[in-house]
Amino acid sequence: MLDFIQIDNIIMNALKEDMPLGDITTDNTIDSSSKSEGLFIAKESGIIAGLDVAERVFKLLDAEVSFTKNVEDGAHVNKGDIIARVEGNTRALLKGERTALNLLQRMSGIATKTNEFCRKISGLPAKIVDTRKTAPGLRYLDKYAVRVGGGQNHRYCLSDGVLIKDNHIKAAGGIKNAVKMVKAQIPHTIKIEVETETLGQVKEALESGADIIMLDNMSLETMAEAVKLINKRALVEASGNVSLDRVYDIAATGVDIISVGELTHSVKAFDISLKFK
């Protein structure tokens, strides 16, 4: 279920950025009583995400705007499909158009890309998860879109999970010392993940009592060896250089989780247009 307290804040910041002093074009060309109807049309095939967010953009501008969805988030649409219909005050529709499309297109692009990765490893037990490589200010929506596409979420932020990475390890003087220090401070309910780059570090992470061990930028052969070494004593996450071409082979090594930065850090927006009738 979406948290509209967070979503409203995202939308309002976007609207303020887009028209800090109003919409000089719309306010001077469109009568304030004018009404219009627009259609959201898919211009390619893929997974839709963010329809409720797009609707909220218009509702914040004018509560009387009507928004009718022809599909729900998670639906596969084809080029030319009418996704939704919006009706109401023309000024409100024009002022909200770009913000609604920006969010809907980005979220649908993320859901579509995530779905591609999930389908690539269908039949294998590994799970596709996201990273913190999200657009600043849009993390809540980015991670929601990943779930819509069939993926799962990694930690949301730095506050909700321990992930000891390479620079932590260097600064703390090694994996064992880093894990020891963090265990002395955090509640027992929080899991500890350690990033490793070699089999030696994997052994050290295991000996330190890590709950999750990340295999970072390892070859397929080394990953398979690490999975055998860990032997279900910790969850195993693969990360780094994960592509559609390579993801099946990574999943086949026996890892539990595959984190993919590409889902959000460089996703291509899904092509959608809003056309007035």
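Excluded from the calculations below are hydrogen atoms, water molecules and symmetry mates; all remaining heavy atoms, backbone and side chain alike, are included. Note that the numbering runs from 1 along the sequence shown for the chain.
- Sorted by first and then second residue, the side-chain hydrogen bond (donor to acceptor under 3.5 Å, both in side chains) pairs with a member in residues 100-112 read R98-N102, R106-D142; sequence neighbours excluded.
- Ion pairing between a basic and an acidic side chain is recognised when a charged N comes within 4.0 Å of a carboxylate O; K120 and D245 show no such pairing.
- Residues meeting the ring pair (Phe, Tyr, Trp, His ring centres under 6.0 Å) test with F67, sequence neighbours left out: F40.
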Could you list the donor-acceptor pairs under 3.5 angstrom formed between side-chain atoms of residues 147-154 and any protein atom two or more places apart in sequence or on another chain?
from	atom 1	to	atom 2	distance (Å)
R147	NH1	N153	OD1	2.6
N153	ND2	D130	OD2	2.6
N153	ND2	K143	O	3.0
H154	NE2	E237	OE1	2.9
H154	NE2	E237	OE2	3.3

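- Here the side chain of D211 pairs no donor or acceptor atom with the backbone of E193 at under 3.5 angstrom.
- For the residue pair S259 and S239, a side-chain donor N or O sits within less than 3.5 Å of a side-chain acceptor on the partner.
- Residue I48 is not grouped with residue L103 when hydrophobic side chains (ILVMFWY) are merged at heavy-atom distances under 4.5 angstrom, including chains of intermediate members.
- With sequence neighbours excluded, the residues that form a salt bridge (Lys or Arg N to Asp or Glu O under 4.0 Å) with K277 are E37.
- Residue pairs satisfying the side-chain hydrogen bond (donor to acceptor under 3.5 Å, both in side chains) criterion with at least one member in residues 170-189, sequence neighbours excluded, are listed as follows: K176-E207.
- Listed by chain and number, the residues in a ring pair (Phe, Tyr, Trp, His ring centres under 6.0 Å) with F117 amount to none (sequence neighbours excluded).
- Electrostatic pairing of K268 and E44 counts as a salt bridge here, judged by a charged N lying under 4.0 Å from a carboxylate O.
- Under a 4.0 Å N-O distance rule, the pair E116/K113 qualifies as a salt bridge.
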